[in-house]
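See below for the structure under consideration.
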Amino acid sequence: MLLEVNALDVRYGTTRAVRELDLKVEPGEIVAVLGANGAGKSSLLRSVQGLVRPAGGSIRFEGQSVLGLSAASRVSRGMVLVPEGRQIFTSLTVHENLLMGAYSRRDDVSAEIARIYERFPNLARRRDMFASVLSGGEQQMLAIGRALLARPRLMMLDEPSLGLSPLLVRALFDLIRELNRDGLSMLLVEQNTQMALQCASRAYVLELGRLVMSGPAAEILGDPRIAAAYLGSSERRH
Ligand SMILES: Nc1ncnc2c1ncn2[C@@H]1O[C@H](COP(=O)(O)OP(=O)(O)OP(=O)(O)O)[C@@H](O)[C@H]1O
Ligand SMILES: [Mg+2]
């Protein structure tokens, strides 16, 4: 098992953001996590990455507990989060942003950076510009490129399609599929239910921190309760 989360609890004061959650990712899988605003999706990813300390439960990566590890050590192990809102460094250049992804590595990353520029020609053209000039889609590509430089074994994406045009959403999901075909396992948080379920093998649906449904993506895609649960979810508070 690549990632195994058991009975995870995340609390902020009296708010129970994640309750007794069991979730796993097997090597090579794309696993989708769905749910409306406030369902606890980001809290799940942030606690797996080590940015939030869970109030209870266990998180195992490749068979070992990572609860005692800092976020940075988890990155070194290959657990890499592309956070909600991308969080690229707008006062650094595109190239400097990519280098930040490799900050914990001592080896030469120039060949990998060259591959990322091949994959994302828009980034190559803007390599010496401030990241603030990038479009939303380009910023998302940069955030993913930066995460790839950390050599992920599990890439966690928190709402990567948020704010992108339909065309860029399609390009993003093509990229997600391509990275997965190359062997990258992913935990994908999305409110774009349709697109996420089309590329995931399995999915978990959260509601107010609780797991309300899980199973093969194709089954969840065809479940009328999902359609009902997501009516009105396009009204984003972001
Ligand atoms: N730092 C925090 N302090 C206090 N409460 C928080 C904090 N972060 C999240 N919460 C609360 O925890 C619950 C889960 O939030 P979380 O951000 O994990 O949900 P989400 O599913 O990612 O939502 P969204 O789709 O809006 O990103 C919400 O009730 C939220 O208000
Ligand atoms: Mg969130």
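Whatever order the structure lists them in is the order used to number ligands and atoms, beginning at 1.
Geometrically, ligand 1 and Gly40 share a nitrogen or oxygen pair separated by less than 3.5 Å. Taking distance alone, with nitrogen or oxygen atoms compared against 3.5 Å, Lys41 approaches ligand 1 more closely than that limit.
Atom numbering of ligand 1 starts at 1 in the shown order; those under 4.0 Å from a heavy atom of Ala39 are 19 (O), 20 (P), 21 (O). Every atom of ligand 1 with a heavy atom of Ala17 under 4.0 Å away is listed here by number and element: 12 (O), 13 (C), 14 (C). Numbered from 1 in the order shown, with element, the atoms of ligand 1 that lie under 4.0 Å from a heavy atom of Gln191 read 25 (O). Interface of Asn37 with ligand 1, defined as ligand atoms under 4.0 Å from a residue heavy atom, comprises 23 (O), 24 (P), 25 (O), 26 (O). Listed by number with element, the atoms of ligand 1 under 4.0 Å from a non-hydrogen atom of Glu159 are 24 (P), 25 (O), 27 (O).
By the side-chain contact (heavy atoms from CB on, under 4.5 Å) test, Leu175 pairs with Arg119, Phe120, Met141, Ile144, Leu179, sequence neighbours left out.
Taking the charged nitrogens against the carboxylate oxygens, Arg16 and Asp9 do have a contact shorter than 4.0 Å, which makes a salt bridge.
The two residues Cys199 and Ile176 have their closest heavy-atom pair at SG-CG2, 4.2 Å.
Remark: among candidates Ser43, Gly85, Gly209, the nearest residue to atom 16 (P) of ligand 1 is Ser43, based on non-hydrogen atoms.
Pairs engaging residues 160-170 under the side chain to side chain donor-acceptor pair (under 3.5 Å) rule: Ser161-Glu190 [sequence neighbours left out].
Using 4.0 Å as the threshold, Ala36 has a heavy atom nearer than that to some atom of ligand 1. In this structure, Gly35 does not count as a contact residue of ligand 1, since none of its heavy atoms falls inside 4.0 Å of the ligand.
Inclusion of Ser42 in the first shell of the Mg ion (ligand 2) is supported: an N, O or S atom falls under 2.8 Å.
Looking at heavy atoms from C-beta onward, Ser185 lies out of side-chain contact with Glu29 at the 4.5 angstrom threshold.
Contact annotation for Arg46 and ligand 1: no heavy atom of the residue comes within less than 4.0 Å of the ligand.
Side-chain contact annotation: Thr93 with Asp128, donor-acceptor N/O pair under 3.5 Å absent.
For Glu4 (side chain) and Gly63 (main-chain N/O), no donor-acceptor pair under 3.5 Å exists by modelled atom type. For Thr15 (side chain) and Arg11 (main-chain N/O), no donor-acceptor pair under 3.5 Å exists by modelled atom type.
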